Structure formats: C-alpha cells, structure tokens
Amino acid sequence: MSQFVFPETWRSPGTLRHAGRLLGLYLVRRDGAFEDARMITEVEAYDSEKDLACHARFGRTRRSEVLYAAGGIWYVYLCYGVHEMLNLVVGPPDHPAALLIRSVEGIAGPGRVTKALRVGRSLNRCVTEPGCGLYLEDRGVRVPGRLIRRTPRIGVDYAGPIWANKPWRFTFDPTKLRATPAGPVQG
DNA sequence: TACTCGATCGGA
DNA sequence: CCGATCGAGTAA
C-alpha cells in the first residue's frame, strides 16, 4: 500500500530528524509516459546559515532563497556545471535547511539519481505533490534505527573540519531490511 | 565585468 | 589524477 507523503510533513523543525525519516520513503517521478519510483537509501543534511557547507552560508541570495521557504518543496541546482542535485527543503519558514538525496535503490550518486529520474532545475521550488511530477510515498518500509549509519558528508572539505566532519550523511543497507509484516489481505 | 570555485562523474 | 562545463557569489 502506498501512502502519499504530504508536503506539510517537512515543515516542522528538526533537520536531522527529517533526514532519518526520509530514508525508506519512495521518490516517485512521473513525466509524461515516463514513470519510476525508487526507495531513498542515502541522504545528507544541510542546516542553517551557520553550516559552512550549506548553500545558505552566504545568507539569502538568489539561489539560497528557496531554502528559506517552508519545507515540502524541491531545491534543484546545477553542480560543477554538469550535474543536477536534488534536495528536499525542510523546516519552518526562515530556517534554511535541505536534504540532498544522494542515492536511491539501484542508483548511487546524486548526479546519477537526477539523470535516472529525469529531474532538472525546472523542478526547483516545486511542491512535493503529484501535480509537480515528483513526490514522496510511504510504501510501508520501516528503517530501524540500528540499520542507519551516520558519516561525514561527501565533498564538503571546503567548509572546514568542524562542518565537514559533522555526521550528517545518513545511509542504510536496504538488503538488511526485514520483510514487512503481512497486513490485511486485499484482493 | 573579471575571476574563482564547486554538495560530481567518467575516463586516462 | 584530471578535465568537463557553467552558474553563483565576491570583489571591483
């Protein structure tokens, strides 16, 4: 059974808590005839202007403005002039924070995720709803805390050791998930 | 406007 | 290890 995850889900404070809850959810993409849905297996948290790895480290700018909106919208930007990066904006208004989706089941690497799901900057600022063509579903996967690994974020050494070493990368091994308990039988 | 650098990836 | 490739941000 799939349950649509409402955008409002991501508006409360608690960036790291949201990161843990994003693991195991399905990222659903519909674009014309194209359709794909994959379980999220790796995310990174970027939180506030203090975080020198976060795009909000310069305060409100043309690019970072989207991070200051209420959670539940997408932030997509171009990295190295080549790769699109997909983030979920989280937190209340005026608290800039986002979760980078680094991997989904079967696809590792943030640049590969967006390529596989045909995600581009046209989705920047879009709400996480079906009408947007990109949204989240809860398909009953429960990721136990003991499976979640936290490590430093990738590729942010420029932020300095304090911020580069924060264990804000969340991953888990989906093959270690226990089969979901059988629910009510449906036709 | 000139300049630097990057939340990556694929190939040498 | 290195180049691709371009937009954001800073300084001037």
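In what follows, chains are A, B, ... by sequence order, proteins preceding strands, each numbered from 1. Here the structure is a predicted model, which is why all the values come from computation and not from measurement.
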Using a strict heavy-atom distance below 4.0 Å, which residues from residues 88-102 of chain A are in contact with DNA chain B?
A/Leu100, A/Arg102
Take atom CD1 in A/Ile162; do more than 12 heavy atoms of anything else shown fall under 6.0 Å from it?
no
From CG (A/Leu86) to CH2 (A/Trp74), nearest 0.5 Å:
5.5 Å
Counting neighbours of CZ on A/Arg21 that are heavy atoms of other residues, nucleotides or ligands and sit closer than 6.0 Å, is the number greater than 12?
no
Just how far is it from atom OH of A/Tyr77 to atom NE2 of A/His55, taken to the nearest 0.5 Å?
4.0 Å
So what does A/Arg169 hit on the nucleic acid, given a heavy-atom distance under 4.0 Å: a base, only sugar-phosphate, or nothing?
nothing
For A/Phe58, answer base if it contacts any base atom (sugar-phosphate contacts may also be present), sugar-phosphate if it contacts only those atoms, and nothing otherwise; contact means non-hydrogen atoms under 4.0 Å.
sugar-phosphate
Any link between A/Ile107 and A/Leu136 through a network of hydrophobic side chains (Ile, Leu, Val, Met, Phe, Trp, Tyr) touching at under 4.5 Å?
yes
Identify the 5'-most and 3'-most nucleotides of DNA chain C with at least one atom closer than 4.0 Å to a non-hydrogen atom of chain A.
C/dA4 to C/dT10
If you measure from CE on A/Met1 to CZ on A/Arg139, what distance do you get to the nearest 0.5 Å?
11.0 Å
Going by side chain to side chain contact (heavy atoms under 4.5 Å, CB included), name the residues that satisfy it together with A/Asp138, two or more places apart in sequence or in a different chain.
A/Gln3, A/Val5, A/Leu25, A/Arg142
For Watson-Crick and G-U wobble pairs within 3.5 Å on both distances, what is DNA chain B written in dot-bracket notation, | included for inter-strand pairing?
||||||.||||.
In chain order, what residues pass the side chain to side chain contact (heavy atoms under 4.5 Å, CB included) check against A/Pro152, with sequence neighbours excluded?
none
Of A/Cys79 and A/Ser64, whose closest DNA chain C nucleotide lies nearer the 5' terminus?
A/Cys79
Looking at every strand, decide which applies to A/Arg63 at a 4.0 Å heavy-atom threshold: base, sugar-phosphate, or nothing.
sugar-phosphate
I need the full list of side-chain hydrogen bond (donor to acceptor under 3.5 Å, both in side chains) pairs touching residues 111-122 of chain A, with sequence neighbours left out, sorted by first then second residue.
A/Glu84-A/Arg121
Calculate, to the nearest 0.5 Å, the distance between atoms CD1 and OG1 belonging to A/Ile40 and A/Thr171 respectively.
13.5 Å
Check DNA chain B against residues 156-165 of chain A and give the residues with a non-hydrogen atom under 4.0 Å, in numerical order.
A/Val156, A/Tyr158
With sequence neighbours left out, which residue pairs that include part of residues 30-39 of chain A fulfil the side-chain hydrogen bond (donor to acceptor under 3.5 Å, both in side chains) condition?
A/Arg30-A/Glu35, A/Arg30-A/Tyr135, A/Asp36-A/Arg38
Backbone N/O of A/Gly133 and side chain of A/Arg29: donor-acceptor pair under 3.5 Å
yes
Could you pull out all residues at least two apart from A/Pro110 that satisfy side chain to side chain contact (heavy atoms under 4.5 Å, CB included)?
A/Met85, A/Leu100, A/Arg102
Under 6.0 Å from the OH atom of A/Tyr158, do we count more than 12 heavy atoms belonging to anything else shown?
yes
Within the distance-only criterion (no hydrogens, no angle test), does the side chain of A/Thr61 pair as donor or acceptor with the backbone N or O of A/Ser64 below 3.5 angstrom?
yes
What are the bounds, 5' to 3', of the part of DNA chain B that sits under 4.0 Å from heavy atoms of chain A?
B/dG6 to B/dG10
Looking at DNA chain B, which of residues 50-57 of chain A put a heavy atom within less than 4.0 Å of it?
A/Ala53, A/His55
Residues two or more places apart in sequence or in another chain: which of them pass side chain to side chain contact (heavy atoms under 4.5 Å, CB included) with A/Thr15?
A/Ala45, A/Asp47, A/Val90, A/His95, A/Ala97, A/Leu99
CE-CD distance between A/Met39 and A/Glu137, expressed to the nearest 0.5 angstrom
13.5 Å
Taking the six-membered ring of A/Tyr46 as reference, does the NZ or CZ atom of A/Arg153 fall below 6.0 Å from its centre and within a 45° cone about the axis?
yes
